[in-house]
Amino acid sequence: MSDTASATADPQGGPGHEDERGTVGPRIQSFRRRAGLSQEAAASRAGISTRALRDIERGRARRPRVHTLRSLAGTLGLSDDELAGLLADARTGPPRDTGLPSLLILGPLVLRRGRTPVPVAGPMQRRLLGLLALKHPEPATQQEITDILWPSGPPRSHPSLIHTYVTQTRRLLGPCGPRSARPPTVVRTPTGYRLEASRNRVDLGHFDELLARAERLYDASDLEARYASLTEALRCWRGPVLADADPVLRRHPAAVAADERRVRAALLHADTALLLRRSGEAVPLLADLVNTEPLHEGLHARLILALAGSGEQAAALQVFTHLRDRLDEELGIEPGTEIRAAHLRVLRPRQPVPRRTAHEAPAHREPAHRTESHPTESHLTEIRRTPADGTAPAGPTPPPAQLPLGARSFVGRRPQMRVLDTLVASDPARRPHIAVVVGAPGVGKTALATHWAHARRDYFPDGQLYVDLRGHSRPPALRPGDVLTQFLRALGAPPHALPAHSPGEDEAAALYRTLLAGKRLLIVLDNARDAEQVRPLLPGARGCAVVVTSRSRLAGLVSSDGARRIALDVLDPDEGRRLLGSIAGSCNVAAEEAAARSLVELCGGLPLAIRIAGANLVARNANIAAHCAELAGAGDGILDRLRIEGDRRSAVRSAFELSYRTLPDEARRMFRLLGQLPGPDLTVDAAAALAGTTPADSAALLARIADAHLVRERAGRFGLDVLLRSYARELIGTDEAHTARRRLMLSRAQGPARRDSGQANCPGSYASSAGSRA
């Protein structure tokens with residue numbers, strides 16, 4: 001492991017920092033990492049031995065000599081205040097070990113009291129402590145704790161064993177000596193247990209606070225503060241989350257999400273370092289992370305730019321070569337647009353990446369004369385200095401590459417992929433420039449759009465724009481003006497050209513279309529609410545392509561804007577089994593083929609449900625037949641099983657609920673009543689009898705529900721899929737259900753009279769079946 005990865009958390013911030021400010025060694029190690037120097041190089045430049053520096057950093061020399069500290073300060077480029085702090089710490093020495101416990105999980109699991117490590121020897125305690133820290137400040141459920149402690153299945157006495165491990169953990173977290181602050185502990189909740197501690201007692205919580213602070217800083221005047229926050233945040237990391245834990249804990253969704261936030265912080269840190277002309281400071285961190293994420297093109301692209309910005313063009317080109325070879329050998333694909341753009345910047349002879357020299361002005365000041373511009377600095381220059389004539393300074397802008405990570409397990413959808421391929425057809429006359437992917441919640445609309453976009457991104461050399469419009473989400477839907485501002489920034493528009501208020505939306509849309517004129521660019525508008533939210537974001541250039549996903553039908557875009565509509569249905573049984581196999585293992589699915597087929601059927605072929613079922617199979621290390629029996633035995637409570645604990649987005653019920661809430665009250669009532677039908681579908685007249693409305697009102701309500709893809713319409717008949725039927729039955733009250741069944745009985749009794757009056761569309765068999773069951 002590299003020096004960056006093995007170092008402890010930054011002693012100037014993070015968990016337990018108030019107890020470590022007196023330790024000189026970790027602070028010197030932190031400053032050395034910031035300077036990008038190895039122990040050997042720093043010791044040689046300071047005129048001391050490598051062993052002496054190692055003893056200082058490891059705390060064996062707790063009060064180094066003043067002249068040694070001054071020599072190190074000059075070598076590491078410390079400020080006067082930083083040197084004064086080191087000298088003060090050297091005079092006072094380390095504090096007593098009476099601090100509150102701190103829990104470090106960004107790397108191997110470490111529990112410290114003050115600055116002294118506390119042994120956590122028992123494997124069960126380590127698992128429990130790691131899980132509680134991962135979930136902090138949220139509780140870990142009893143089932144979640146059981147799955148982590150006993151991946152192969154719990155013993156009968158597991159409830160009492162959990163209580164024992166919790167008691168032992170509380171003793172570990174108890175403070176050593178009197179303290180006024182309340183020590184961390186483990187408290188019982190209605191569903192499980194929760195680590196009760198302030199956020200700065202867990203390094204992951206401290207990291208998240210610093211990252212959130214950095215992401216709130218956008219202005220040029222905040223670049224230094226953003227860089228400082230990101231630098232401190234990334235120093236919390238000593239390696240992957242819970243690097244020494246069992247694989248079942250390292251694969252926990254919270255651990256995976258934390259590693260993803262680390263990558264996000266590293267990307268933002270590298271971008272900020274490039275803007276501040278501190279390329280060299282980003283190299284050690286990026287070089288370490290690309291070893292952890294060997295195929296992440298964004299990290300490699302930043303490393304190439306950072307190396308080139310430090311004058312290491314040869315090393316930058318070598319990074320590109322290694323990644324290209326790895327992608328070809330392991331995936332059989334070529335590097336994407338972002339990495340190729342970074343490579344091109346290194347090769348361009350007219351725009352060399354300048355190496356920062358000693359006489360160059362500091363990064364926080366604007367040089368009096370600048371003849372060359374850093375390739376990634378044009379955006380920063382525009383923010384700092386707007387010309388008097390209002391024109392934007394010339395400077396290259398990197399092509400946007402905003403596509404999110406595509407689904408690794410993607411199966412089927414070949415007909416839909418062929419329709420999307422018409423967006424890149426060779427004949428411009430036959431090439432549409434808008435495709436609309438619509439379907440029910442959880443059917444895989446986003447997965448299809450992002451999978452196709454990644455596969456065809458070479459057709460769009462000018463980049464890809466992506467936004468989640470949040471049309472069906474808990475946060476409010478994005479306004480077109482806000483999205484235009486994001487897109488304009490990504491396209492390099494100067495800040496003075498962006499609208500300052502909502503009435504400037506038309507002006508922003510005009511500038512957006514101007515910047516896209518003559519370009520080949522892909523725009524993915526995910527999770528759209530309606531056509532009005534999408535229209536201002538459509539480009540005027542025919543070379544650009546737009547892919548929209550929505551739970552609504554978006555018929556307006558088809559009729560008025562010439563969009564190609566792609567309706568997604570659930571997976572067929574073979575595709576469902578392949579999807580399950582890609583998650584739970586194709587060998588396991590082949591060994592239990594009948595059970596796998598039954599599991600897919602219970603999930604109604606819905607990709608989201610199949611993915612959740614597969615993830616739960618892996619997490620619990622269960623066989624397919626047993627899990628299938630559990631789901632089948634749940635009956636209408638199957639949606640309680642089709643969720644991943646602690647991840648609201650990975651729950652079928654949550655996906656349905658977002659669409660259900662968009663319906664008006666009368667349509668919601670009709671949807672609830674549809675769950676009472678004993679057969680697969682019904683006509684408009686049968687729905688009218690069920691709801692006690694006129695056929696005209698019933699038709700309007702069914703059309704509204706069908707537009708939200710909560711009911712299936714085929715040949716004038718309407719029905720619910722398996723899981724949607726279970727969801728509808730959950731929502732209905734006893735009295736409402738009884739009244740609906742009674743209306744069906746009356747409809748059966750009046751069936752002949754209705755047919756005599758010419759209303760023969762209501763199926764007598766349906767009313768008869770419903771009436772007999774009622």
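Bear in mind that the values here come from a model prediction, so they are computed numbers and not experimental data. Note that the numbering runs from 1 along the sequence shown for the chain.
- Across all their heavy atoms, Gly336 and Glu297 have their closest contact at N-OE1, 2.9 Å.
- No side-chain heavy atom of Phe207 sits under 4.5 Å from any side-chain heavy atom of Leu210.
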Which atom pairs, one a donor and one an acceptor, fall under 3.5 Å between side chains of residues 145-158 and the rest of the protein, sequence neighbours left out?
| from | atom 1 | to | atom 2 | distance (Å) |
| --- | --- | --- | --- | --- |
| Thr146 | OG1 | Gln142 | O | 2.8 |
| Asp147 | OD1 | Gln143 | NE2 | 2.9 |
| His158 | ND1 | Pro155 | O | 2.9 |

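- Taking every heavy atom of both residues into account, Ile339 and Ala301 meet most closely at CD1-N, 3.3 Å.
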Notebook entry, point to check: Between Leu403 and Thr450, does a side-chain contact (heavy atoms from CB on, under 4.5 Å) hold up when you go through it step by step?
Noted result: CA-CA 7 Å; Leu403 293 178; Thr450 55; 5.6 Å; no
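- The backbone N or O of Ala197 lies less than 3.5 Å from a partner atom in the side chain of His136, making a donor-acceptor pair.
- For the residue pair Leu106 and Cys236, the shortest heavy atom distance occurs at CB-O, 3.6 Å.
- The distance from atom CG of Asp468 to atom CG of Asn527, rounded to the nearest 0.5 Å, is 5.0 Å.
- Taking CG of Leu580 as the reference point, atom CD1 of Ile624 lies at 5.5 Å (rounded to 0.5 Å).
- Not a single donor-acceptor pair under 3.5 Å links the side chain of Arg725 to the backbone N or O of Val722.
- Looking at His472 and Ser552, their side chains come closer than 4.5 Å, going by heavy atoms from C-beta outward.
- Side-chain atoms of Ser659 do not come within 3.5 Å of backbone N or O of Phe656 as any donor-acceptor pair.
- No option in Leu289, Thr292, Asp259 other than Asp259 meets the side-chain contact (heavy atoms from CB on, under 4.5 Å) test with Trp237.
- Test Leu132, Thr185, Leu128 against Val166 for side-chain contact (heavy atoms from CB on, under 4.5 Å) and you get one pass: Leu128.
- Judged purely by atom type and a 3.5 angstrom limit, Asp721 has no side-chain atom pairing as donor or acceptor with the backbone of Leu724.
- Here the CZ-CZ distance, from Arg470 to Arg529, works out to 11.5 Å after rounding to the nearest 0.5 Å.
- We find that Arg262 and Asp203 are not joined by a salt bridge, their nearest charged nitrogen and carboxylate oxygen being 4.0 Å or further apart.
- Residues Asp681 and Arg712 are not paired through a salt bridge, judged by the lack of any N-O separation under 4.0 Å between the basic side chain and the carboxylate.
- By the 4.5 Å heavy-atom criterion applied to side chains, Arg261 and Leu204 are counted as neighbours.
- The shortest heavy-atom contact between Leu249 and Arg127 is CD2-O, 3.9 Å.
- Put simply, the residue from Leu571, Leu448, Leu568, Ile612 that forms a side-chain contact (heavy atoms from CB on, under 4.5 Å) with Pro607 is Leu571.
- Checking Arg653 against Tyr660 by side-chain atom types alone, no donor-acceptor pair falls below 3.5 Å.
- Note that the CG atom of Leu295 and the CG atom of Leu323 stand 7.0 Å from one another [nearest 0.5 Å].
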Notebook entry, point to check: Hey, mind stepping through Glu215 and Arg264 against side-chain contact (heavy atoms from CB on, under 4.5 Å) and telling me if it holds?
Noted result: CA-CA 10 Å; Glu215 290 180 330; Arg264 190 170 82 231; 2.8 Å; yes
Next item on the list: Please assess Glu338 against Arg302 for the test salt bridge (charged side-chain N to carboxylate O under 4.0 Å, His left out), listing each intermediate value before the final yes or no.
Entry: CA-CA 9 Å; Glu338 185 177 13; Arg302 268 74 168 188; 2.4 Å; yes
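- Of the listed residues (Val118, Leu195, Val120), just one forms a side-chain contact (heavy atoms from CB on, under 4.5 Å) with Leu103, and that residue is Leu195.
- Contact check for His296 versus Leu267: side-chain heavy atoms found under the 4.5 Å cut-off.
- Residue His206 holds its NE2 atom at 11.0 Å from CG of Leu104, rounded to the nearest 0.5 Å.
- With a 4.5 Å cut-off on side-chain heavy atoms, Leu211 and Leu230 count as touching.
- Between Pro294 and Arg326, the shortest heavy-atom contact is O-CD, 3.6 Å.
- Ion pairing between Asp574 and Arg597 holds under the 4.0 Å rule for side-chain N and carboxylate O.
- Here the shortest heavy-atom pairing between Val437 and Lys445 reads O-CD, 3.9 Å.
- Residues Val443 and Asp569 have side chains not in contact (no heavy-atom distance under 4.5 Å, counting atoms from C-beta outward).
- Taking the side chain as every heavy atom from C-beta outward, Arg620 and His627 approach each other to under 4.5 Å.
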Would you give me the side-chain donor-acceptor pairs under 3.5 Å for residues 186-194, sequence neighbours excluded?
| from | atom 1 | to | atom 2 | distance (Å) |
| --- | --- | --- | --- | --- |
| Arg188 | NH1 | Tyr193 | OH | 3.4 |
| Thr189 | OG1 | Thr191 | N | 3.4 |
| Thr189 | OG1 | Gly192 | N | 2.9 |
| Thr189 | OG1 | Gly192 | O | 3.2 |

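- With hydrogens and angles ignored, the 3.5 Å screen pairs a side-chain donor or acceptor of Arg729 with a backbone N or O of Gly675.
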Note to self: Run Leu617 and Leu599 through side-chain contact (heavy atoms from CB on, under 4.5 Å) and show every step you take.
What the structure shows: CA-CA 11 Å; Leu617 281 172; Leu599 181 58; 4.0 Å; yes
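- The closest side-chain heavy-atom distance from His322 to His300 is not below 4.5 Å.
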Margin query: Let's go through Lys135 and Glu144 carefully: what are the C-alpha distance in whole Å and the side-chain angles of both, what is the deciding distance for side-chain contact (heavy atoms from CB on, under 4.5 Å) to 0.1 Å, and is it a yes or a no?
Written below: CA-CA 11 Å; Lys135 298 282 291 185; Glu144 202 170 10; 3.4 Å; yes
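- In this structure, the side chain of Arg641 does not engage the main chain of Glu630 through any donor-acceptor pair within 3.5 Å.
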Notebook entry, point to check: Is there a salt bridge (charged side-chain N to carboxylate O under 4.0 Å, His left out) between Arg456 and Asp421 once you walk through the steps?
Noted result: CA-CA 8 Å; Arg456 302 294 183 264; Asp421 280 340; 2.8 Å; yes
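- In this structure, Leu631 CG and Leu642 CG are separated by 5.5 Å, a value rounded to the nearest 0.5 Å.
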